[in-house]
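Working notes, structure below.
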Amino acid sequence: MSIEDVGNNVRRYMKLRGLTIPKLSAEIKMGTATLSNLLNGKSEPRTSTLVKLSDALEVSLEELIADAPKLHSLRFRTAKTLSGREKSERDQLKHETAIWLSDYCSLEELLHETMPYPLERLSCSDPISAAMAVRKEIGLNKNAPVYDMTALMEGVGIKLNIRPFHLKKTFGLSIGNMDGGPGIVVNSERGLSVERQIFTIAHELGHLVLHSSSYAVSDDVEDKDEEKAANLFAGVFLVPDDALMREWEESKGLSFVDRVLKVKKYFKVSYLTVLQRISQLNDTVAYTDLIIKFRKDYKVQYKHDLKNHYEPDAISEDMVAEMDPNALDPSDLMEDRFSRLVRNAYEEGLISMSRAGEILHLPIRDMRALAASWKELC
């Protein structure tokens with residue numbers, strides 16, 4: 001147990017729960033100066049103090065005293081200025097990501113199932129060329145849609161973690177090779193469509209391929225040029241030029257709205273991605289004009305508007321989970337390799353049931369039920 005890590009853990013949980021030093025001091029009946037020394041790593045807390053802190057912060061004693069794993073190649077960027085609370089949420093997200101990645105790598109080593117990462121040898125600076133090069137490297141036909149994004153990523157050694165987190169100003173983040181990655185964490189918070197999550201994976205893949213050198217930089221400030229390049233990479237990777245033109249031509253007998261929806265469903269992307277790709281292939285048509293036309297025609301054709309059907313810049317507090325028209329189902333994006341490794345390690349006696357539950361963030365009762373279902377269903 002590191003005294004510094006304990007202080008950092010306490011400080012992080014305090015901010016997440018909106019507790020100040022005076023408030024926490026009063027709750028655990030400790031002087032503010034003494035608590036400040038603990039937070040700054042200047043004094044080692046007694047066991048009784050740690051118990052009081054864990055109760056006040058509503059976390060387990062193990063979480064409170066855990067050594068904080070460090071990530072040296074995590075790429076977290078935001079164009080928005082973060083508040084103090086959001087910075088704490090960001091730090092918590094980084095902390096949880098480090099633990100997840102450490103557990104993932106440990107499972108791979110235990111089971112001797114470490115995956116190679118062949119995309120590391122690609123050297124492309126142009127987003128369009130890079131997107132097509134990645135398709136070729138992973139064995140995806142240059143015109144084929146991405147039917148199973150998670151299987152494709154996991155098949156080339158990219159670890160995926162798709163889960164909701166409350167940091168409302170980011171859709172995802174990625175980790176480079178030096179920390180046991182590459183890995184991609186995707187925000188599946190309420191209000192973010194499956195289409196948005198798929199695009200996020202492709203976007204972070206673009207960063208891994210195009211901007212590998214930026215993973216060694218400790219910087220949370222978004223680089224607009226890099227973001228633009230990653231977006232273009234993602235669009236071309238998910239909706240290649242020739243494939244889009246073919247599908248668009250084959251559906252030319254349909255209305256504009258139905259053509260977009262048909263192409264959207266085929267490529268498993270949002271209608272906005274389809275419109276953006278059309279505008280990129282036809283520089284005489286502005287993206288914003290296509291959005292206006294689509295929404296106007298959609299309302300006429302389907303007798304209701306597309307209010308809240310968009311890819312948000314950030315998730316508002318009161319956002320309703322309104323999906324893309326003809327939306328994908330959550331089952332269209334389910335990563336399963338991590339949980340499969342947990343099951344294999346448990347059934348081979350390499351980890352205990354309690355350890356399996358800890359890795360999967362399940363109470364022991366729920367872990368027992370899951371293990372029983374594994375036996376029932378084979």
Side-chain angles (χ1 to χ4, degrees), residues 73-78 93 96-97 100-101 104 115 117-120 122 127-128 130-135 137-140 144-165 167 169-177 181-189 191-212 214-215 222 226-240 264 266-270 272-274 276-277 311-312 315 323-324 327-339:
S73 61
L74 183 145
R75 182 188 173 92
F76 177 97
R77 302 289 188 273
T78 177
L93 174 59
E96 292 172 354
T97 297
W100 161 75
L101 192 57
Y104 208 135
M115 297 284 290
Y117 176 55
L119 303 184
E120 187 176 16
L122 292 181
I128 296 175
M132 298 311 292
V134 169
R135 278 180 154 261
E137 183 67 36
I138 64 180
L140 184 62
V146 177
Y147 289 112
D148 190 340
M149 178 62 101
T150 58
L152 276 179
M153 296 300 98
E154 292 173 341
V156 291
I158 296 176
K159 300 172 176 65
L160 288 180
N161 187 5
I162 302 170
R163 65 182 184 84
F165 49 84
L167 189 60
K169 294 178 180 176
T170 187
F171 298 123
L173 52 89
S174 46
I175 308 100
N177 293 4
I184 297 175
V185 180
V186 181
N187 192 353
S188 60
E189 189 66 54
L192 289 177
S193 67
V194 173
E195 289 88 342
R196 172 71 253 189
Q197 294 168 44
I198 290 174
F199 190 88
T200 295
I201 294 174
H203 176 93
E204 294 299 331
L205 175 62
H207 283 310
L208 287 168
V209 174
L210 295 168
H211 310 128
S212 58
S214 67
Y215 283 82
E222 184 175 279
E226 289 187 352
E227 293 304 305
K228 184 177 180 180
N231 280 336
L232 180 55
F233 172 97
V236 174
F237 179 78
L238 294 170
V239 189
K264 161 195 154 42
Y266 180 76
F267 289 107
K268 292 191 173 185
V269 295
S270 71
L272 288 176
T273 297
V274 175
Q276 188 168 58
R277 293 292 291 123
E311 292 181 0
I315 311 168
M323 293 301 193
D324 220 83
L328 295 176
D329 186 83
S331 62
D332 287 301
L333 187 68
M334 298 180 71
E335 52 86 16
D336 56 13
R337 183 168 183 259
F338 183 63
S339 55

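Numbering of residues begins at 1 and proceeds along the displayed sequence.
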Rounded to the nearest 0.5 Å, what separation is found between the CD atom of Glu335 and the CD1 atom of Ile184? 11.5 Å

Are the side chain of Arg277 and the backbone N or O of Gly235 linked by a donor-acceptor pair below 3.5 Å? yes

Can a salt bridge be assigned to the pair Lys159 and Glu204 using a cut-off of 4.0 Å between side-chain N and carboxylate O? no

I want to check something: taking the side chain as every heavy atom from C-beta on, are Leu160 and Phe338 in contact at a cut-off of under 4.5 Å? no

Leu119 and Glu137 have their tightest heavy-atom pair at CD2-CG, 3.5 Å

Any chance you could measure Ile158, atom CD1, to Leu208, atom CG, to the nearest 0.5 Å? 5.5 Å

In terms of heavy-atom contacts, Phe267 and Pro240 come closest through CE2-CD, 4.1 Å

A side-chain contact here means heavy atoms from C-beta on lying under 4.5 Å apart; do Thr150 and Met334 qualify? no

Going by heavy atoms in the side chains, are Pro127 and Val236 under 4.5 Å from each other? no

So, for Met149 and Leu238, which heavy atoms are closest and what is the spacing to 0.1 Å? CE-CD2, 3.6 Å

Taking the inter-plane angle between the rings of His207 and His203 on a 0 to 90° scale, is it parallel (under 30°), tilted (30 to 60°) or perpendicular (over 60°)? perpendicular

I'd like to check Ile175 versus Leu101 (side-chain heavy atoms, cut-off strictly below 4.5 Å). Are they in contact? yes

Output the distance between atom CG (Leu210) and atom CD (Glu226), rounded to the nearest 0.5 Å. 9.0 Å

I would like to know whether Val269 and Ile198 meet side-chain contact (heavy atoms from CB on, under 4.5 Å); could you show each step before the answer? CA-CA 7 Å; Val269 295; Ile198 290 174; 5.5 Å; no

Of the non-hydrogen atoms in Ala130 and Val209, which two are nearest, and what is the gap between them? CB-CG1, 4.2 Å

Rounded to the nearest 0.5 Å, how far does CD of Glu195 lie from CG of Leu333? 10.0 Å

Measuring only between side-chain heavy atoms, which start at C-beta, is Leu93 closer than 4.5 Å to Thr97? yes

Return the minimal non-hydrogen interatomic distance between Phe237 and Val134, and the atom names on each side. CE1-CG1, 3.7 Å

Just by distance, do the side chain of Arg135 and the backbone of Ala144 share a donor-acceptor pair under 3.5 Å? yes

Distance, nearest 0.5 Å, that separates CG of Leu173 from CG of Asn161: 9.0 Å

Rounded to the nearest 0.5 Å, what's the gap from CZ on Phe76 to OG on Ser174? Could you check? 11.5 Å

When you measure from the side chain of Lys268 to the backbone of Val146, do you find a donor-acceptor pair of N or O atoms at a distance under 3.5 Å? no

Compare all side-chain heavy atoms of Glu154 with those of Met115 and state whether any distance is below 4.5 angstrom. no

Do you know which two heavy atoms are closest between Ser73 and Asn177, and how far apart they sit? OG-N, 4.3 Å

Check the pair Asp329, Val194 against side-chain contact (heavy atoms from CB on, under 4.5 Å), reporting the backbone distance first and the verdict last. CA-CA 7 Å; Asp329 186 83; Val194 173; over 6 Å; no

Can you confirm whether Asn187 sits close enough to Thr200 that some side-chain heavy atom of one is under 4.5 Å from a side-chain heavy atom of the other? no

Any Leu272 side-chain heavy atom under 4.5 Å of Phe199 side chain: no

